[in-house]
Amino acid sequence: MLNVMATLPPGLEEEACKELRRFNVKIQEVRRLRGRIFFECHESEVVRLNYWSRCLERIVVLLLRCEVESLEEIYRRVRGVEFSRWIDSKQSFAIRASRIGSHPYTSMDIAREAGRAVIDSYLSSKGVRLRVDLDEPDVIVRVYQVKNELIVGIDTTGDWALHKRGYRVYDHPAALNPCIASAMIIASNWKPSYSLIDPMCGGGTIPIEAALKGLNIPPARFRRKPLALSKLKVFQTYLEAFSAEEFCPDGPMLDIWGLDISPKHVAGAVQNSKAAGVDKAIKFLVGDVARLKKIFDRGFDFSVVNPPYGLRSSSPRALTRLYNGLASSMAKLLEKRLVTITHRVGIIREALLSNGFEIEFEKPVKHGDLPCWVLSAKPP
Ligand SMILES: C[S@@+](CC[C@H](N)C(=O)[O-])C[C@H]1O[C@@H](n2cnc3c(N)ncnc32)[C@H](O)[C@@H]1O
């Protein structure tokens, strides 16, 4: 059994836990709004999570969790860890350090001290001086200091985190983190037998993530870089044991739609969906969200949507008009639930309420560094 920490976009811990419960893991601690979940699981489950998780960004096997007060103490604590199970004597390593809180030293100082400690620990237990390679290390040791807590572990995912989906051949300028898109789909309770529409789909992240889920395709299939665990000997047997069938799309016929007012973004969404192998499962079209009733003579069960936040161009009035157009269209077409994300929570709340929606929940979420809210609402 391993002690593991997963990181994810802060605020979506509940959805990530819902996903985690489908794996063979024992959740021990959830840091709400901090984007960290601690759990216990077998080595094989670490491999499975790296392939299959749609919400998690990074999976780290924990080697040390303790309180520290100074850089000297960081050195001493890390020096006491046995690294030989994780790093072969011929492998290189790098420390990736980060910290939250106020400390009289920087993350680079932490990385330097922890790096020295790893080398000294290995030298004393194996008699070998490990090589450091900051650019292309074989093994990444993550060191986090959160206030006084020190967390040290082996990164099984790598610098190319799980939210970097390789299918993004078209880069929308305001693309949504696919882990947030997937968590919103989980929050909506959409199931593949229901219809789903994203009427402001941009580069198509939400419909693509829904289609991948509906067709049972693992997000890691599109990685452009191998998972870090492919270089960790502990996981080799489980990597090999992964059967080819697990990667075969085996899902129902899907009824997923993506619409955007920009022909350029719709063309980009089609390109992305082709790269993800789900272009046949999604219908994309150009259109204005305010005119959905004119475009469709049918309804939809679910809508998951990431409207513009109006950060660059829109005035509050223009944004109010846009959000009203979205809410009034969806009020006429939607059967079950709308889940949306925005930085402008007051404007979307008002638009939904004035169009007869019942708000089920509003929760704060970090979209990169931007504070946002995910809202779930039932149509009238
Ligand atoms: C935040 S972006 C969506 C990004 C998308 N989730 C992704 O990951 O690529 C919002 C999108 O809404 C679209 N949009 C703006 N006004 C619209 C309207 N009236 N009808 C439909 N789409 C609109 C924009 O063109 C933009 O692509």
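Indexing begins at 1, ligand by ligand and atom by atom, following the structure's order.
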I'd like the atom pairs linking ligand 1 to the protein - N or O on both sides, separation under 3.5 Å - with distances to 0.1 Å.
from     : atom 1 : to   : atom 2 : distance (Å)
ligand 1 : 6 (N)  : N306 : OD1    : 2.9
ligand 1 : 8 (O)  : L176 : N      : 2.8
ligand 1 : 8 (O)  : T205 : OG1    : 2.5
ligand 1 : 9 (O)  : G203 : N      : 2.8
ligand 1 : 19 (N) : D288 : OD1    : 2.9
ligand 1 : 20 (N) : V289 : N      : 2.9
ligand 1 : 22 (N) : I261 : N      : 3.2
ligand 1 : 25 (O) : D260 : OD1    : 2.7
ligand 1 : 27 (O) : H172 : NE2    : 2.8
ligand 1 : 27 (O) : D260 : OD2    : 2.8

*asked:* Closer than 4.0 angstrom, basic N to acidic O: yes or no for K233 and D88?
replied: yes
*Any chance the side chains of N50 and T156 put a donor and an acceptor closer than 3.5 Å?*
yes
*Among all residues two or more places apart in sequence or in another chain, which pass the side chain to side chain donor-acceptor pair (under 3.5 Å) test with S188?*
none
*asked:* Test: side chain to side chain donor-acceptor pair (under 3.5 Å). Region: residues 261-289. Which pairs qualify, not counting sequence neighbours?
replied: Y170-H265, H172-H265
*What residues, two or more places apart in sequence or in another chain, satisfy side chain to side chain donor-acceptor pair (under 3.5 Å) together with W257?*
D255
*Any chance the rings of F302 and Y194 have centres within less than 6.0 Å?*
yes
